Structures are given as C-alpha cells and as structure tokens.
**Q** 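Here's a structure for you.
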Amino acid sequence: MAASKGGGGAEVRVAEMEKMSLEHLKSLKEQSDLEVNLLQDSLNNIRTATARLEIASNALQDLSLRPQGKKMLVPLTASLYVPGTLDDADKVLVDVGTGYFIEKTMSEGRDYCEGKINLLKSNFDQLIEVASKTKSVADEAGMVLQARLRQAGPVS
C-alpha cells in the first residue's frame, strides 16, 4: 500500500484498495484499527509522562525556594511519606529510569526535566501525525470495504 505525497494520495490509496480482495481489505482495516488503538495508547502514555515531568519540574522549583533545615514530608512511594529535613536544597537525585538515579544540581535537574518534556512533546506531535494518517487509511479501507460488500450483497 503506497501512498503518494501531495494532494492526490487518498485517491491513489482508494484506487489501490479497490483492486484488493475482500479478505485483504478486511485485514487492512483490522490492522489499521489496531495500529490506531496502539498509537492512542502511546499518546496517552506520553501525556501522562509529560504531566509527571511537569509536576517534578514544579516541585524542584518549589524545593529550591525552601530554606535549609526546613521540616517536610518526603515521598517514598506515591502514597507513603516520611518526615524529613531539607539538608542541601541545591542537590537533587534525578530518576533516569530503570532504577538509576543521578545526583544533579537543582538547575541541572530542572533542565533535565525540561529537556525530557520537550522531547516528549516532539514525539507526541509526530505520533499525532502518524495516528491521523493511519486513521485515514482505516477509514478509507472501511469505506471501500462497505462499498464492495454492498455491491456483492444483491448478487448473492
């Protein structure tokens, strides 16, 4: 299934789809729908990760404004906090994934978060484009399939 660049891509795809067998069209439609669902899941995961990084970046900003020796609750898990005292507000541990942490300065930690946020937003925009194209393929395959089934219906 080749789609040409430019305005005539949809017409070329539809013309190619009209030459396909019913089984191939059904398979194309199912595969495209599955890909769209997977892309939607990926988009939701990127939204969640971006929101978490924005919260972390804001927390770093808030933490940098607190005085040394300040009593606070330290999160061990999402629902478990223990009392603690702020010792050095300029050093933070940054979770870089798979259980690894790197000590960074506060500004390096914020820069790390902002860099990851920008990367995720870029990936999000690219995935939106891919999802849109895949959705249009699925819709076109569905329309061609319905038309072919309507044509085949009265004959049988």
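Treat the numbers as computed from the prediction; the structure is a model and nothing was measured.
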**Q** Would you mind listing the cluster partners of M143? Hydrophobic ones only (ILVMFWY), side-chain contacts under 4.5 Å, chaining allowed.
**A**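 Its cluster partners, ordered by chain and number, are none at all.
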**Q** Rounded to the nearest 0.5 Å, what's the gap from CZ on R110 to OG1 on T105? Could you check?
**A** 8.5 Å
**Q** Where do V137 and S32 come nearest, in terms of heavy atoms and distance?
**A**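 Closest pair (atom of V137, atom of S32, distance): CG1-OG, 3.5 Å.
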**Q** Considering all heavy atoms of both residues, which atom of L22 and which atom of R148 are nearest to each other, and what is their separation?
**A** CD2-CB, 3.7 Å
**Q** Between NZ of K104 and SG of C113, what distance do you get to the nearest 0.5 Å?
**A**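 Nearest 0.5 Å value for the NZ-SG distance: 10.0 Å.
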**Q** Please report the closest heavy-atom contact between M106 and V92, naming both atoms and the distance.
**A**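 Scanning both residues, the minimum pair turns out to be CE-CG1, 3.7 Å.
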**Q** Among pairs that include at least one residue of residues 36-48, which meet side-chain hydrogen bond (donor to acceptor under 3.5 Å, both in side chains), considering only residues two or more places apart or in two chains?
**A**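 Listed once each, the pairs are N44-R47.
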**Q** Output side-chain donor-acceptor pairs under 3.5 Å for residues 114-129, partner residues at least two apart or in another chain, one line each.
**A**
residue, atom, partner, partner atom, Å
E114, OE2, S57, OG, 2.9
N118, ND2, E114, O, 3.3

**Q** Would you tabulate the side-chain donor-acceptor contacts of residues 72-86 under 3.5 Å, counting partners in other chains and residues two or more places apart, or write 'none'?
**A**
residue, atom, partner, partner atom, Å
T77, OG1, S79, N, 3.3
T77, OG1, L80, N, 3.0

**Q** Show every salt bridge (charged side-chain N to carboxylate O under 4.0 Å, His left out) that has at least one partner inside residues 81-97, sequence neighbours left out.
**A** none
**Q** For residues 24-31, dump all side-chain donor-acceptor pairs below 3.5 Å to protein atoms at least two apart in sequence or in another chain.
**A**
residue, atom, partner, partner atom, Å
K29, NZ, D33, OD1, 3.2
K29, NZ, D33, OD2, 3.1
Q31, NE2, E35, OE2, 3.2

**Q** For A131 versus L39, what's the shortest heavy-atom pair and its separation?
**A**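 What the structure gives for the nearest pair is CA-CD1, 3.6 Å.
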**Q** Report whether I102 and L93 are members of the same hydrophobic cluster (ILVMFWY, side-chain heavy atoms less than 4.5 Å apart, transitive linking).
**A** no
**Q** To the nearest 0.5 angstrom, please state how far the CG atom of L63 sits from the NZ atom of K70.
**A**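 Output value for this atom pair is 11.5 Å.
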**Q** With the 4.5 Å side-chain cut-off for hydrophobic clustering, are L149 and V144 part of the same group?
**A**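 Cluster IDs for L149 and V144 match.
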**Q** Quick one: does N58's side chain have a donor or acceptor within less than 3.5 Å of a partner on E54's backbone?
**A**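 At least one qualifying donor-acceptor pair exists.
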